[in-house]
Participant: 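This is the structure I want to talk about, given as C-alpha cells.
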Amino acid sequence: MLNTNQELIAFSKKLDRITSIAGNIVGWMLIPMILSLAYEVVARYAFGAPTIWAYDMTFMLYGAFFMLGSSYTLKHKGHIRTDMFYDNWSPKKQALVDLTCYLLLFYPFVLIFTIVGWEYFYKAFASNERFVSSPWMAITWPFKMTLPLTGFLLFIQGLSEVSKCLVAIRSNEWPLETTSEGA
C-alpha cells in the first residue's frame, strides 16, 4: 500500500511514463496514415489509379489513434471539464470531486469498455473476421485490439490520476511535477 505522498508521486510518475510512451508511439504512427492518404490522393487524381486499401487503412488507423490517444489526453488534462466551477475550488475540493468521478464514473466505464472491447477483439481474432464492406477485405482483429488496449491504458492513467488526487487531498496542492513529460 502506498502511504506517503512521495510514494504516490513516484507511482504516478511511473504510470505517466507508460502513458507518455504510448502517446508518443501513437503520434509517430500518424506518419504512415498520412503517407497512405497522400499516396491515395496522388494515385487517384494524378494517375487515375486508386488503391483498394488506402481508405480502409486510413479509417482503421485514424480510429485506432483516436482511441489509443485518450489516455495521453487524460494525462495532459485535455478532456472536457466544467472549469467555471472547478477553477474556483481549492485543490483539495478539486481532488475530492475528481476522485469521486474516477471511482463512480470513470472506472465503471473503463471496466465495461475493456471487457466488451476484449470480447469484440477475441471474436474477430478467433473467427478471422474481415471487413465485408471493403473490396480489400482486411482482417478486423488488429483494429478491434485497440479497444481493450485503450481500456488498459485508460486504467493505468486513471491510477496515476487517482494517486495525484490522493496527494492533493492530503496536501491541498496538486503534485505539479508529475505532469512533466516522461518520455
Side-chain angles (χ1 to χ4, degrees), residues 1-34 59-122 142-183:
M1 181 70 183
L2 301 173
N3 295 321
T4 69
N5 285 352
Q6 276 20 53
E7 289 172 323
L8 286 168
I9 291 169
F11 178 67
S12 180
K13 282 182 178 181
K14 288 178 184 176
L15 297 177
D16 283 351
R17 180 146 172 78
I18 293 169
T19 299
S20 291
I21 291 168
N24 287 326
I25 289 169
V26 168
W28 281 104
M29 288 176 64
L30 286 169
I31 294 170
M33 183 185 78
I34 293 167
F59 96 80
M60 286 189 289
L61 289 176
Y62 178 74
F65 299 155
F66 176 81
M67 299 292 292
L68 293 171
S70 62
S71 62
Y72 187 82
T73 304
L74 178 62
K75 176 184 181 284
H76 289 282
K77 311 286 187 235
H79 292 290
I80 297 172
R81 172 188 319 250
T82 311
D83 289 337
M84 63 187 222
F85 299 118
Y86 190 86
D87 285 345
N88 296 325
W89 295 340
S90 69
K92 183 175 184 172
K93 186 173 181 180
Q94 290 174 345
L96 284 167
V97 169
D98 283 357
L99 182 61
T100 301
C101 289
Y102 281 118
L103 296 177
L104 297 179
L105 302 172
F106 178 80
Y107 274 112
F109 164 76
V110 168
L111 178 65
I112 292 167
F113 182 83
T114 305
I115 290 169
V116 171
W118 176 260
E119 291 170 358
Y120 279 122
F121 158 70
Y122 185 75
F143 175 66
K144 291 184 177 184
M145 182 175 60
T146 63
L147 297 171
L149 183 56
T150 295
F152 176 72
L153 290 171
L154 281 170
F155 178 84
I156 287 174
Q157 189 56 39
L159 285 177
S160 174
E161 299 304 317
V162 165
S163 297
K164 294 170 193 172
C165 288
L166 293 174
V167 171
I169 290 168
R170 291 176 177 176
S171 66
N172 200 28
E173 289 182 357
W174 284 106
L176 297 177
E177 67 274 4
T178 62
T179 62
S180 65
E181 199 60 34

Participant: Starting at CZ of F66, measure out to OG1 of T146 and round the result to the nearest 0.5 Å.
Facilitator: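 Here the interatomic distance stands at 11.5 Å.
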Participant: Nearest 0.5 angstrom please: Y62 OH to M33 CE, how far?
Facilitator: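 Here the rounded value is 7.5 Å.
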Participant: Say whether, by atom type as modelled, one donor and one acceptor occur between the side chain of Q94 and the main chain of Y86 under 3.5 angstrom.
Facilitator: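 Confirmed, Q94 side chain pairs with Y86 backbone.
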Participant: Could you tell me whether F59 atom CZ has more than 12 heavy atoms of other residues or ligands within 6.0 Å of it?
Facilitator: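 Count over threshold, so yes.
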Participant: Measure the CD1-CD1 distance between I34 and I31 for me, rounded to the nearest 0.5 Å.
Facilitator: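 Rounded to the nearest 0.5 Å, the CD1-CD1 separation comes out at 7.0 Å.
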Participant: So, for S163 and F11, which heavy atoms are closest and what is the spacing to 0.1 Å?
Facilitator: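 Shortest heavy-atom contact: OG-CD2, 3.3 Å.
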Participant: Can you tell me how far OG1 of T150 sits from CE of M145, rounded to the nearest 0.5 angstrom?
Facilitator: 10.0 Å
Participant: Side chains of F121 and W118, heavy atoms from C-beta outward: is any pair under 4.5 Å?
Facilitator: yes
Participant: Does the side chain of S71 come within less than 4.5 Å of I156's, by heavy atoms?
Facilitator: no
Participant: Any side-chain heavy-atom pair from S90 and N172 closer than 4.5 angstrom?
Facilitator: yes
Participant: Would you name the heavy atoms of L74 and G158 that are closest together and state the gap between them?
Facilitator: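 Residues L74 and G158, closest heavy atoms: CD2-N, 4.2 Å.
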Participant: Who passes side-chain contact (heavy atoms from CB on, under 4.5 Å) against I112, sequence neighbours left out?
Facilitator: V116
Participant: Hey, does the side chain of S12 reach the backbone of L8 with a donor-acceptor pair shorter than 3.5 angstrom?
Facilitator: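 No, because the side chain of S12 does not come within donor-acceptor range (under 3.5 Å) of the backbone of L8.
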Participant: Is there a side-chain contact between Q157 and D16 (heavy atoms, below 4.5 Å)?
Facilitator: yes
Participant: Which pair of non-hydrogen atoms, one from K75 and one from S20, has the smallest distance, and what is that distance?
Facilitator: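 Closest heavy-atom pair between K75 and S20: CE-OG, 3.1 Å.
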Participant: Is the closest side-chain heavy-atom distance between L147 and F113 below 4.5 Å?
Facilitator: yes
Participant: For Y107, I'd like to know if atom OH has over 12 heavy atoms of other residues, nucleotides or ligands within 6.0 Å.
Facilitator: yes
Participant: Under the side-chain contact (heavy atoms from CB on, under 4.5 Å) rule, what do W174 and C165 come out as? Steps first, then yes or no, please.
Facilitator: CA-CA 8 Å; W174 284 106; C165 288; 4.0 Å; yes
Participant: One pair to check against side-chain contact (heavy atoms from CB on, under 4.5 Å): T114 and F155. What are the steps and the verdict?
Facilitator: CA-CA 9 Å; T114 305; F155 178 84; 5.9 Å; no
Participant: Out of L15, L68, T19, which residue meets the side-chain contact (heavy atoms from CB on, under 4.5 Å) rule with L153?
Facilitator: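 Answer to the side-chain contact (heavy atoms from CB on, under 4.5 Å) test with L153 among L15, L68, T19: L68.
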Participant: Drop me the distance from I169's CD1 to L96's CG, to the nearest 0.5 angstrom.
Facilitator: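 If we round to the nearest 0.5 Å, I169:CD1 and L96:CG are 4.0 Å apart.
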Participant: Hey, are the side chains of V26 and Y72 touching, using non-hydrogen atoms and a 4.5 Å cut-off?
Facilitator: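 Not touching, per the 4.5 Å side-chain cut-off.
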Participant: What residues, two or more places apart in sequence or in another chain, satisfy ring pair (Phe, Tyr, Trp, His ring centres under 6.0 Å) together with F106?
Facilitator: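 Residues passing ring pair (Phe, Tyr, Trp, His ring centres under 6.0 Å) with F106: Y102.
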Participant: Hey, what do you get for CD1 (I25) to CG (L30), rounding to the nearest 0.5 Å?
Facilitator: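 Separation between the atoms: 12.5 Å.
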